[in-house]
Structure formats: C-alpha cells, structure tokens
Student: 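Below you will find the structure I want to go over with you.
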Amino acid sequence: MELYLNPSDVAEVIGVDEEIIRQTINRKHPDIEPYLRVSAAPSEDDEENTEAILQLRIDGLAPLITQLSYNIPTDDIIENLICQIVHIAYLRETNEKLELDISELKEKINALHEERADLRVQINMLQEEKSKSWVDRLFKSGD
C-alpha cells in the first residue's frame with residue numbers, strides 16, 4: 001500500500017510552512033519527482049471544477065527534507081521530527097500493551113468458555129438425574 005501526502009500533510013509532519021513545501025514540490029527536482037503523483041481535487045473557488053494537486057509518496061519525505069535543508073534552517077525540521085519519533089515510540093509502546101491486554105482477555109474468554117462447557121455438562125447431568133428420579137418415582141408407585 002502506497003501512502004501519499006498532500007503538501008498540507010507534509011507541512012504538518014515535518015513542521016515547515018505549507019507554501020515552502022508546495023514551492024519545493026512544484027520544482028519537481030529529479031530526486032523528488034519519482035515520489036510525486038498528480039491528484040484531482042475540488043477547486044476551492046469553483047466546486048464543479050477540479051484542480052491538480054501534486055502529492056508526495058511517504059517514502060519521498062527524505063529527499064524532500066534534503067531539498068528543504070538547502071533552503072531553510074533545519075532546527076525546526078529536526079525538532080518536529082524528534083517529536084514525531086517520540087510520538088511513534090509512544091504509539092508502539094501503547095500498541096504492545098494493548099496486544100498484551102488482548103492476549104490476557106483471550107485467555108480469560110477461553111477459561112470462561114471452558115467453565116461454561118463444564119456448567120453445561122453439570123446441567124445435563126442434573127437434568128438426567130431429575131428425569132431418572134421422576135421415572136423411578138413412577139415405577140415405585142406402580143409396584
């Protein structure tokens with residue numbers, strides 16, 4: 001699955017002004033061009049018409065950042081990327097905890113299914129005993 005980002009999404013991810021992202025993408029630098037595609041979107045001025053938007057494939061972020069670093073200070077980019085990495089690490093940790101919780105819940109569900117099956121066996125045995133005692137009572141009274 002290929003994931004493409006609009007310039008506004010790229011700007012949000014790497015912390016650079018959207019207009020700078022658009023200008024860099026529109027230059028179609030040879031390092032970035034293989035990661036670009038044109039997508040149609042409704043025009044802001046006229047809803048009936050569509051406008052072409054260049055989108056960047058997610059694995060094209062590295063060459064884009066390289067191109068941006070030639071033109072702007074990288075401190076903001078680095079700071080934002082660090083925040084993204086911390087966020088990803090947090091999401092991974094949360095995901096691992098949730099997977100552990102899921103496995104524990106599955107074990108509990110399986111234990112409850114087994115307990116339910118045991119209870120069904122006990123209920124069946126009690127019903128058999130009840131029917132046997134009724135039959136026994138019927139034959140005893142007939143003697």
Student: Could you tell me if the side chain of Asn6 sits less than 4.5 Å from the side chain of Asp9, heavy atoms only?
Tutor: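 Yes, their side chains come closer than 4.5 Å.
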
Student: Is there a path from Leu61 to Leu91 through hydrophobic residues (I, L, V, M, F, W, Y) whose side chains come within less than 4.5 Å of each other?
Tutor: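 Cluster IDs for Leu61 and Leu91 differ.
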
Student: Under the salt bridge (charged side-chain N to carboxylate O under 4.0 Å, His left out) test, which residues partner Asp59, sequence neighbours left out?
Tutor: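 Arg57.
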
Student: Any non-hydrogen side-chain atom of Ile21 less than 4.5 Å from a side-chain atom of Ser8?
Tutor: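 With C-beta onward as the side chain, the pair stays apart.
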
Student: For the CG atom of Asn95 and the CD1 atom of Ile102, what is their distance to the nearest 0.5 Å?
Tutor: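 The CG atom of Asn95 sits 8.0 Å away from the CD1 atom of Ile102.
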
Student: Under 4.5 Å between side-chain heavy atoms, hopping through other hydrophobics if needed: is there a path connecting Val13 to Ile88?
Tutor: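 No, separate clusters.
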
Student: About how many Å separate CD1 of Ile123 and CG of Asp118, when rounded to the nearest 0.5 Å?
Tutor: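 Asp118 atom CG to Ile123 atom CD1 measures 11.0 Å (nearest 0.5 Å).
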
Student: For Pro63 and Tyr35, work out which heavy atoms get closest and say how close.
Tutor: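 Of all heavy-atom pairs spanning Pro63 and Tyr35, the closest is CG-CE1, 3.6 Å.
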
Student: If you count heavy atoms of other groups shown closer than 6.0 angstrom to CD of Glu12, is the number above 12?
Tutor: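 No, CD of Glu12 has 12 or fewer neighbouring heavy atoms, counting only those of other groups under 6.0 Å.
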
Student: Applying salt bridge (charged side-chain N to carboxylate O under 4.0 Å, His left out) to Arg22 and Glu18, what does each step give before you reach the verdict?
Tutor: CA-CA 6 Å; Arg22 285 185 192 280; Glu18 183 178 344; 2.5 Å; yes

Student: Please examine the side chains of Leu36 and Gln55, heavy atoms only from C-beta on, and report whether any two atoms are closer than 4.5 Å.
Tutor: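 Not in contact.
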
Student: Would you mind reporting whether Leu68 and Ile14 have side-chain heavy atoms less than 4.5 Å apart?
Tutor: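 Side-chain contact under 4.5 Å: yes.
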
Student: Output yes when Glu93 and Lys97 qualify as a salt bridge under the 4.0 Å nitrogen-oxygen rule, no when they do not.
Tutor: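 Result for this pair is yes, salt bridge flagged.
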
Student: Look up atom CG in Asn110 and atom CG in Leu105, then write down how far apart they are to the nearest 0.5 Å.
Tutor: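 Here the rounded value is 11.0 Å.
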
Student: Taking atom CG of Leu54 and atom CZ of Arg27, what is their separation to the nearest 0.5 Å?
Tutor: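 Between atom CG of Leu54 and atom CZ of Arg27 there are 13.0 Å.
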
Student: Which residues pass the salt bridge (charged side-chain N to carboxylate O under 4.0 Å, His left out) test with Lys106, not counting sequence neighbours?
Tutor: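 In terms of salt bridge (charged side-chain N to carboxylate O under 4.0 Å, His left out), with neighbours along the sequence ignored, Lys106 is linked to no residue.
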
Student: Answer with yes or no whether the hydrophobic clustering places Tyr90 together with Ile82; edges join I, L, V, M, F, W, Y residues whose side-chain heavy atoms lie under 4.5 Å apart.
Tutor: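 They do not share one cluster, since no chain of ILVMFWY contacts under 4.5 Å joins Tyr90 to Ile82.
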
Student: Examine Val38 and Ile32 and state if one hydrophobic cluster contains both, with Ile, Leu, Val, Met, Phe, Trp and Tyr joined whenever side-chain heavy atoms are less than 4.5 Å apart.
Tutor: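 Yes, Val38 connects to Ile32 through the hydrophobic network.
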
Student: Compare every heavy atom of Asp31 with every heavy atom of Gln67, then report the nearest pair and how far apart it is.
Tutor: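 Smallest interatomic distance, heavy atoms only, reads NE2-OD2, 4.1 Å.
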
